[in-house]
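As the structure is a computational prediction, the values presented were derived from the model and not from experiment. In what follows, every chain begins at residue 1, and chains take the letters A, B, ... in the order their sequences are listed.
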Amino acid sequence: MANTSSPLADSSGLPPAEIFKPKPARAAPASTLGIQGWIRQNMFSSIPSAVVTLLGLWIVYAFLDAILTWAVGNAVWEASNRRECLDQVGRSGACWPGVAAWIPNLIYGLYPKDQVWRINLAALVLLVWAVPLWLPRVRSKVQIGLSLVLLFPLLASYLFLGGEKGAIWSALIALGFAAFLWALLTTATEMTTGLSFTRFVVGALGATGRSEEASRRIGFAALLVVYAVSLLAVQAMALSFVQTRLWGGLFLTTVISGIGIAVSLPAGIVLALARRSRMPLISLLATAFIELFRSVPLITILFMFNTMLPLFLPVGVEVNQLLRAIVAVCLFAAAYMAEVVRGGLQAIPRGQYEAASAMGLGFWQATGLVIMPQALKIMIPTIVGNFIGLFKDTTLVSIIGLFDLLSMARAVGEDTRWLGLFLEPFFFVTMIYFVACFGMSQYSLNLEQRLSAGERR
Amino acid sequence: MNEAVAEAPPIELIGLNKWFGAFHVLKDIDLRVREGERIVVCGPSGSGKSTMIRCINQLETHQEGTIRIHGRSYGRDARENDAIRREIGMVFQSFNLFPHLTVLENCTFALTWVRHMPKQEAEDLAMSFLARVRIPEQAGKYPLQLSGGQQQRVAIARALCARPRIMLFDEPTSSLDPEMINEVLDTMVELAESGMTMVVVTHEMGFARKVADRVIFMDQGEIVEEAPPEAFFAAPRYDRTRLFLSQVL
Ligand SMILES: Nc1ncnc2c1ncn2[C@@H]1O[C@H](COP(=O)(O)OP(=O)(O)OP(=O)(O)O)[C@@H](O)[C@H]1O
Ligand SMILES: [Mg+2]
């Protein structure tokens, strides 16, 4: 270890410095590694721990065994009414044919059978529209996502409702359709050439070298063509009118909660900012709104909107019952979301805002570019938690006479052929809710990890 | 820009008074900073140093007195105030980098959103400043992946990217580990040598000795004494200054 030529020694007259040599790292003890090591350490480290582990395993086994015996083992798969099921296995097994016979109603409510394709088509459009958001090569994700949230509802409401369409309504539907076409086109060009649709058109026309202004005009013209095509397509479509009274099942649940979710986040952001505003009147109004809707149960709000609203409206003006429910759900969800967003905003240090304004950013830029992205990211679990809550809360609309998924499930047991069959439909509906909610929560975890992947140490 | 404005001093504080509620934080502050001058501000905790320099770029608003930046004073017009602010860069004790953006994006942020500079040009400029603070290789990382000293150097580069004519520093080394203080101070010394007008709140008296044209001592919201560093350290006039110096030196 002798080192005679240390520079320290020369300059300070100290004795020669010794060299510090770190010890090499050793491997961890084998008993703590791998699955076996993990099981031993976490489940059988002591006698009480082993007892708890075994007890837990036994409870899980007993529970699963009972459920599987009922749902699969003893279940009846073919029967034409509930009597036949009961004759075969009594109450020891599930009677699935009842649920199977009702599946179309559980999913679409009383929507005319020959028109159900319209709902499926809308679902397909939604799916296809959302796919580019997961494709890494697509760059216009923000635009596609925004167009999806803002313009898909226009297209979907025509598919769902159908009926007469005036000039304005046609123009709006065509806007939704054009946005869908644009999303497809721009995805195609970005996947193949890396250029957005408008850029691609400019290139294809050989106008790349021209001025920014000229290429913007060409891009705009291309979009106009897409719109004109959609307008013609929409004119050619003629769908029969389906009353909202016939909407029901999973379809209705998805419509109500989908709109609630899509509206609640932006509305919540606006309300939260308004509540934090320095202008007293705005802040007061926002606070009053939020506190009012948060202190009243959703059921009460639904009742109020359903029965009281018509009393306040002028005679002859009728607001559709579904619309009333949707408005009630949106207001309620927005009030809750506002508090979630406010919590997220408070978690962002003041210094972030100060740094942004010291750079010369105005309030809106600082909020939109610096504060919100960070706040939304930390709020993802809470936001998605709210979405999940909202999705389940929409079961309450059954109380004002809308046939959502849950009320459809109840209707099975009132069918004369399947009289008294309640458990099986509820089990089925439970699974649907579980899959949807668990999916959302897993997606939020995944999103959280991806978004913060780079920023962690 | 007309002659009068071009010749006006970068910073002028005239009869500045500020209250936090009933608490009188800044009392009759008068300060005139010349072009290229380096001012070090020191004083005990709570004496109003941060508040004073935060008034200079209006992170705090004052109740009485005038602040002129290159001859232009802050007023009711928010756009004009933002325009004045853009002349001033600020570096904070807690860095305040944007954690959701990479180092490079932090640096191009103001160029893109305030100056509307094309992306490539902004990135080239940002890289040149990152090179100047000697961390161009960290451009793709996120701020929280860097050491404190590196983060503060990014913060300096970020402020410089906006091409300010005045730089404010509020205790830039106070939250750093001792090993990292020097790398930040060295960057600041280089900046000073390039002729930037600087107002630095710091307790690093070595830095003050080496770089400052003037040292200002504040206590209880007042400027107690101001002098060139040699005079300030060798022969402070007030007992309060002597007491303070005996504690920090
Ligand atoms: N936002 C605020 N509201 C009320 N009082 C404040 C606020 N900010 C600062 N103060 C008070 O004003 C006084 C001056 O604060 P300032 O931060 O300017 O001191 P400082 O000299 O920078 O001290 P330090 O060395 O601790 O940073 C302190 O007494 C502080 O408590
Ligand atoms: Mg301070």
Go through the atoms of [X] and report whether side chain, backbone, both or neither lie under 4.5 Å from a heavy atom of chain A.
{"X": "B:Leu97", "value": "backbone"}
{"X": "B:Arg158", "value": "side chain"}
{"X": "B:Arg115", "value": "neither"}

For residues 104-113 of chain B, give me every residue with a non-hydrogen atom less than 4.5 Å from any non-hydrogen atom of chain A. B:Asn106, B:Phe109, B:Ala110, B:Trp113
Pull out the residues in residues 174-186 of chain B that come under 4.5 Å of chain A, heavy atom to heavy atom, sorted by number. none
Validation row: A:Glu354, B:Met90 side chains within 4.5 angstrom (heavy atoms): no
Check: A:Ser357 and B:Gln58 side chains under 4.5 Å, non-hydrogen atoms: no
For B:Arg86 and A:Met359, which heavy atoms make the closest approach, and how far apart are they? CG-O, 4.0 Å
Identify the two heavy atoms, one from B:Phe92 and one from A:Ala358, that lie closest to each other, and give their separation to 0.1 Å. CZ-CB, 4.2 Å
Distance from A:Tyr353 atom OH to B:Leu59 atom CG, nearest 0.5 Å? 9.5 Å
Nearest-0.5 Å distance, CZ of residue A:Arg350 to CG of residue B:Asn96: 10.5 Å
Return a table of donor-acceptor pairs under 3.5 angstrom between the side chains of residues 116-127 of chain B and protein atoms on other chains or two or more places apart.
unit_1: B:Gln120; atom_1: NE2; unit_2: B:Asp124; atom_2: OD1; d: 3.3

Are there over 12 heavy-atom neighbours, none belonging to A:Tyr443, within less than 6.0 Å of that residue's OH? yes
Is it the case that more than 12 heavy atoms not belonging to A:Phe200 sit under 6.0 Å from its CZ atom? no
What residues of residues 264-288 of chain A make heavy-atom contacts with chain B at a cutoff under 4.5 angstrom? none
Using modelled atom types only, decide if a donor and an acceptor are shared between the side chain of B:His100 and the backbone of A:Ala375 within a distance under 3.5 Å. no
